[in-house]
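For ligands, and for the atoms within them, numbers begin at 1 and follow the listed sequence. When reading the values below, keep in mind they use all heavy atoms of this one structure, side chains included, and skip hydrogens, waters and symmetry mates.
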Amino acid sequence: MGDLIITVAGVGAETTKEAQPNLPVTAEEIGVDAARCREAGAAMYHLHVRRPDGTPTQDRAVFAAAIEEIRKRSDIIVQTSTGGAMGMTADERLQPLELGPEMASLTTGTANFGDEVFFNDAALMKEFYQRMQGRGVRPEFEIFEQGQIDNALRLVKQFGPAGPLMHWDFVLGVPGSMSGEPRNLIYLVDSIPREGSTWTCTGIGRWHMPVTMTALALGGNVRLGFEDNIFLHRKVLAEGNAQLVERVVRLAREWKREPATPDEARQILRLGRYAAA
Ligand code: KMH
Ligand code: ZN
């Protein structure tokens with residue numbers, strides 16, 4: 001059984017077609033991209049969607065169309081974003097939860113995000129967490145700063161668990177937030193409860209490879225994709241999200257680690273029918 005969960009953040013809200021011509025934008029492009037990534041070894045797709053002109057949206061119908069195109073082609077776990085894009089209201093951001101995805105992202109704290117602020121105050125976090133609990137959607141806690149771990153644990157203490165395990169994603173290298181130094185990842189991993197947690201991580205831009213290599217060494221999971229990094233090498237654009245997956249699979253096999261299939265990832269994360277296991 002595979003032990004490495006590869007998540008692809010293939011679309012994002014900030015990456016443009018101008019910067020990365022291979023960015024999937026339409027529902028069909030996203031469906032095809034997810035299937036290629038699944039073929040290459042990915043188990044999960046962190047999903048953002050776009051309007052036809054490429055601008056980010058959290059519109060429920062646009063999410064539904066993309067999920068339909070993904071489902072036509074693969075069994076990959078779909079994790080919808082509730083982060084959306086800068087400046088969106090909480091109500092806008094919450095829309096994809098109405099579709100009952102298996103998982104959704106949840107950032108537990110406000111973070112500096114380049115020149116902007118990614119706003120997630122206590123009221124928003126509580127609302128998002130309880131909505132996920134109510135719909136049986138497993139949150140992935142998106143952690144940009146260490147204090148956000150304490151915020152997530154506070155939510156679990158106050159409102160009870162949102163599933164049999166807590167799943168964490170450490171997002172390192174966003175300008176203005178924690179960088180992708182190995183010591184930062186080690187510190188964050190040490191900060192989550194040892195029991196009852198699973199974790200992944202991603203390095204933004206030039207931090208992609210350092211964070212990936214540290215995660216493999218620590219026995220963790222990895223996230224990658226055009227939301228986080230558009231390059232294969234310095235100044236060399238990746239041909240597609242699947243190319244980034246292929247590289248991680250090659251590296252992981254050198255460490256005797258195998259990519260988990262979506263169903264194996266469901267078992268590891270105790271999602272759906274594996275929740276009671
Ligand atoms: N687009 C970023 C501002 C998430 O998906 O949950 C936030 C983000 C996080 O992408
Ligand atoms: Zn995202």
Donor-acceptor pair, R247 side chain versus Q243 backbone, under 3.5 Å? no
Sub-4.5 Å side-chain heavy-atom contact between P56 and M88: yes
Whether E142 has an N, O or S atom under 2.8 Å from the Zn ion (ligand 2): no
Distance to 0.1 Å, residue and atom name: give those for the protein heavy atom nearest to atom 10 (O) of ligand 1. E227 OE2, 2.9 Å
So, applying side chain to side chain contact (heavy atoms under 4.5 Å, CB included) with I186, which one of D190, L188, V189 is it? D190
Which N/O/S atom belongs to E227 and is the closest one to the Zn ion (ligand 2)? OE2
Going by atom types alone, do T55 and D53 pair a side-chain donor with an acceptor below 3.5 Å? yes
Under 4.0 angstrom from ligand 1, any heavy atom of E116? no
Measure from atom 1 (N) of ligand 1 to every heavy atom in P56, A85, G84 and give the option owning the shortest one. G84
Among all protein heavy atoms in this structure, tell me which lies nearest to atom 6 (O) of ligand 1, with the distance rounded to 0.1 Å. S105 OG, 2.6 Å
Checking side-chain polar atoms at under 3.5 Å, does S179 have a donor or acceptor matched by the opposite partner on N184? yes
I need the atoms of ligand 1 closer than 4.0 Å to a non-hydrogen atom of M86, numbered in the order shown. 3 (C)
Taking both backbone and side-chain atoms of F113, is any N or O found less than 3.5 Å from an N or O belonging to ligand 1? no
Suppose we measure from atom 7 (C) of ligand 1 to each protein heavy atom; which comes out shortest, and what is that distance? F118 CZ, 3.5 Å
Nearest candidate to atom 5 (O) of ligand 1, where distance is taken over non-hydrogen atoms, out of S81, G83, G12: S81
Number the atoms of ligand 1 from 1 as they appear, then name those within less than 4.0 Å of a heavy atom of H48, with their elements. 5 (O), 10 (O)
What I want to check is whether the side chains of T107 and N120 have a donor and an acceptor closer together than 3.5 Å. no
Neighbour count >12 (heavy atoms, 6.0 Å) for atom CZ, R36: no
Hey, does the side chain of R38 reach the backbone of D75 with a donor-acceptor pair shorter than 3.5 angstrom? no
Does at least one non-hydrogen atom of A104 fall below 4.0 angstrom from an atom of ligand 1? no
Tell me which N, O or S atom of H48 sits nearest to the Zn ion (ligand 2). NE2
When you compare the side chains of S191 and Q146, does any donor N or O come within less than 3.5 Å of an acceptor on the partner? yes
Is E14 close to ligand 1, meaning an N/O of one under 3.5 Å from an N/O of the other? yes
